[in-house]
Amino acid sequence: MKINKLWILCLLILCSCSTKNEEDIVSRGFERAELQLSAQLKVVPEPNEYPRTIKGGKLKTTKKNDWTEGFYPGCLWYVYEHNHNENWKESAIKWTEALEPLKKLTNHHDIGFLMYCSFGNAYRLTGNETYKDILVESARSLCTRFNQKTGCIESWNYRKAWNGIDEWFYPVIIDNMMNLELLYFATKVTGDSVYANIANAHAETTAKNQFRADYSNYHVVNYDEETGKVLHKATCQGFSDNSAWARGQAWAIYGYTMAYRETKRKDFLDMAIHTADFWLNHPNLPEDGVPYWDFNAGQEGFVPDWNYDPQMFKEVPRDASAAAIAASAFLELTDYVDDGEKYEQAAEHILKSLSSPLYLAESGTNCNFILMHSVGSIPHGSEIDVPLVYADYYYLEALLRYSKKQK
Ligand code: GLY
């Protein structure tokens, strides 16, 4: 009898420790976010330049001319969502509203990231109708890049492949799945199906052309815009054309999970499950759940077209941004499947790693970014083992999703 009581007591202590651990990740992450972001707001007080990363030991910002400016106000919105403090809301509004001119952007596809991470969160958390109109206009801008023949949205304008030969006149990158959320939103608030129809066409075309048999994906697919024919399957930011670039895999899991949420289409759910399982079952996924920047970096059978020097790194760099995106996606996917527990556990494992001193920056360091150890693009020789604003954004989003599940 006495032993039984002792066992129950031990179990209760264990359970309360694990609940405390879970709360700890969320409070630790957000405490650090508040410290880092309030320091950042002092360093860059006005929304003329947006924090992006570290270059040469110094903060690197962008001037509303890139793809990442929406993430910084997005981080401010997530902190506000966590602490409900009006000062954070004021800052989030200021950094969001300064992006309004981007609603007319049509020269690349990233208007979804730019506007939905900023104004999308702003509308969700304030209900301000002006933000809704700005988002709908942004969706209209994105639709200008859709072509009926290809059945998808053109990501970038013309560029050349790493082999220096192939020319991409209609390149579509896997990241583009993320921009579809803006289109689904526009249909919901206007009742006009044109936006969701384009989003569905894009997700279908991408599922057909951008994946391999194992559900890893090609970073870039280049189309013939006259015939819709696939011309090239390649990489721009990954190790090699046939490799699995970590962030590209994360974009796919997140993109198809979101597309399922918005449509309830089984084919999109199947894509989300297959792409998530590719990630989780990969033999080269490190024990802490934070992937190498490319699952196949340096492996036999994967030959880069860019100037790769294997001596460049002692260890293959990790990409915390890919981990954060995947964690956030896993937490959503868990709600849509019967065996969702494995995705929740995977997300929890990633978040524990990211919230440890190995990845979570000490306050006052890391140029006031929250996470360390992400990779922008190794083939371009840029943003290697640095913080990235989008790693912070998806980390905070994942923490919020995780904390909602604990309630
Ligand atoms: N969308 C660009 C990237 O993931 O680096």
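Ligands are counted one by one from 1 in listed order, and the atoms in each one are counted from 1 as well. As the structure is a computational prediction, the values presented were derived from the model and not from experiment.
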Asks: Side chains of K58 and C367, heavy atoms from C-beta outward: is any pair under 4.5 Å?
Replies: no
Asks: Any chance the side chains of T53 and E383 put a donor and an acceptor closer than 3.5 Å?
Replies: no
Asks: Taking the six-membered ring of Y218 (Phe, Tyr or Trp), confirm whether the NZ or CZ of R212 is under 6.0 Å from its centre and within 45° of its axis.
Replies: yes
Asks: Do the non-hydrogen side-chain atoms of T205 and T150 ever get within less than 4.5 Å of each other?
Replies: no
Asks: I need the contact residues for ligand 1: any residue with a non-hydrogen atom closer than 4.0 Å to the ligand, ordered by chain then number.
Replies: W67, D175, Q237, W245, R247, W251, Y390
Asks: Scan side-chain atoms only and decide if Y80 and N121 contain a donor-acceptor pair under the 3.5 Å cut-off.
Replies: no
Asks: Looking at E97 and K94, is any side-chain nitrogen of the basic one under 4.0 Å from a carboxylate oxygen of the acidic one?
Replies: no
